[in-house]
Amino acid sequence: MEALNSFLTRFGRLMGGLVGTMFQSGREAVDQVWKNILPFLAFVAVIVGIMNGTGLGTWIATLLAPLAGSIWGLLALSLIIGLPVLSPLLGPGAVIAQIIGTLLGTLFANKTLPLSAALPALFAINPQVGCDFIPVGLALGEAEPETVEVGVPAVLFSRMITGPVAVILAFLASLGM
Amino acid sequence: MDWLVQLAQGFIGIFQAGAEWWWAVFVGIVPLVVVLMTAFNAVIAWIGHERIENFGKFASQEGIIFLPFRYLLLPVVSVFVLTNPMAYTMGRFLPEKYKPAFYDAAVSFVHPPLGILPHVNPGELFVWAGIATGVATGYGDAAVTDLAVRYLLVGLVVILIRGIVTERLTAMMWKKASA
């Protein structure tokens with residue numbers, strides 16, 4: 001009886017601990033979504049609305065698509081999209097990358113673009129990835145406000161270098177495709 | 001009067017397009033994020049913050065050998081397990097000076113695996129799928145698989161380079177900011 005009692009007590013404590021941890025985890029998760037993710041989604045929704053509702057997104061994409069024909073064009077594309085002023089604007093929801101990607105896809109479908117351009121193109125349309133999200137991403141990593149102040153320009157300027165570098169790497173990696 | 005009606009329709013249309021997107025993401029992704037985050041928070045609690053912090057500390061040591069731990073292993077594991085956008089929470093286990101570079105490496109890895117592991121970022125699948133569906137039509141499915149593998153591998157190299165470059169830039173700007 002003694003042994004059974006002590007087993008039950010320990011078992012009860014263990015279950016209580018498990019449930020407590022799960023509940024606390026759920027509370028933290030909902031807090032994060034409520035405080036960081038939903039407000040951000042709301043902001044992106046406005047931008048997506050402007051892009052999709054006015055046709056601005058399609059217009060920009062049509063403007064940029066002809067650049068995809070050559071490695072130089074792709075490099076130029078990655079430089080333009082990676083500009084620190086543009087990249088945070090082009091980032092939200094990866095809308096621009098998805099629209100240009102879909103437009104370029106039609107050019108691969110009718111073989112206007114060679115297969116070897118596909119990999120560099122994937123990187124050329126995307127040097128802005130996450131540039132709109134830097135403060136939130138850093139906040140999710142519990143960064144101090146000073147870190148955010150320094151981190152935002154550091155990432156933005158880094159993309160001017162690493163954006164074209166990625167395109168060149170992809171170009172080399174698609175040799176033999 | 002007609003132009004006024006059209007203007008009003010165009011105006012509200014912009015916000016309807018935004019609302020449509022917001023609702024799609026809210027319904028499609030947020031529940032998954034909440035459940036994943038809850039599970040992840042619990043797992044962290046059970047593993048113990050200490051051990052994960054120790055890995056963060058291990059990865060944040062000076063020296064070239066630790067760069068791949070910080071900007072390759074840590075972001076890749078984070079993105080595979082936690083997916084976008086929860087992967088960035090792993091930054092909390094690194095010192096402040098490495099957080100921007102870690103974010104840069106992690107966020108740059110949310111698209112390259114899409115051809116093989118679409119679960120990491122279903123909301124932005126068309127960054128990959130836009131080009132991939134075109135390639136499939138023009139050059140066949142085998143070309144798509146080839147492309148998917150190469151996208152992933154080049155992505156690994158790119159995030160390591162991004163982490164290193166951003167770490168240097170952060171250090172330079174930190175000096176300027178504190179001067």
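Just so we're on the same page: letters track the sequence lines, and every chain starts at 1.
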Participant: May I ask you to name which of B/Met172, B/Arg150, B/Glu167 has the most heavy-atom pairs under 4.5 Å with chain A?
Facilitator: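 Answer, by heavy-atom pair count under 4.5 Å with chain A: B/Arg150.
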
Participant: Is the shortest distance from a Lys or Arg side-chain nitrogen in A/Asp31 or A/Arg27 to a carboxylate oxygen in the other one below 4.0 Å?
Facilitator: no

Participant: Indicate whether the side chain of B/Ser108 and that of B/Arg162 have a donor and an acceptor atom separated by less than 3.5 Å.
Facilitator: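 Distance-only check passes for B/Ser108 and B/Arg162.
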
Participant: About how many Å separate CZ of A/Phe123 and CG of A/Leu74, when rounded to the nearest 0.5 Å?
Facilitator: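 Going from CG on A/Leu74 over to CZ on A/Phe123, the span is 12.5 Å.
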
Participant: Quick one: what part of A/Val148 sits under 4.5 Å from any heavy atom of chain B, side chain, backbone, both or neither?
Facilitator: neither

Participant: Check this for me: does any side-chain nitrogen of one of A/Glu144 and B/Lys99 sit under 4.0 Å from a carboxylate oxygen of the other?
Facilitator: no

Participant: Considering only heavy atoms, which portion of B/Val35 lies under 4.5 Å from any heavy atom of chain A: side chain, backbone, both, or neither?
Facilitator: neither

Participant: Would you mind checking which part of B/Thr166 comes under 4.5 Å of any heavy atom in chain A, side chain (CB onward), backbone (N, CA, C, O), both or neither?
Facilitator: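 Both backbone and side chain of B/Thr166 come within 4.5 Å of chain A.
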
Participant: If you define the side chain from C-beta out and look only at heavy atoms, does anything of B/Arg70 sit under 4.5 Å from B/Phe102?
Facilitator: no

Participant: Is B/Met173 in contact with chain A via its backbone, its side chain, both, or neither, using a 4.5 Å heavy-atom distance?
Facilitator: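 Answer is both: backbone and side chain atoms of B/Met173 are under 4.5 Å from chain A.
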
Participant: Within this structure, what is the CG-OH distance for the pair B/Asp104 and B/Tyr71, rounded to the nearest 0.5 Å?
Facilitator: 9.5 Å

Participant: Against chain A, label B/Trp46 side chain, backbone, both or neither, depending on which of its atoms sit under 4.5 Å from a heavy atom there.
Facilitator: side chain

Participant: Where does A/Ile161 contact chain B at under 4.5 Å (heavy atoms): side chain, backbone, both or neither?
Facilitator: side chain

Participant: Between A/Ile134 and chain B, with a heavy-atom cut-off of 4.5 Å, which part of the residue counts as in contact: side chain, backbone, both or neither?
Facilitator: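 The answer is both parts of A/Ile134.
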
Participant: Side chain, backbone, both or neither: which part of A/Ile125 has an atom under 4.5 Å from a heavy atom of chain B?
Facilitator: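 Contact with chain B involves the side chain of A/Ile125 alone.
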
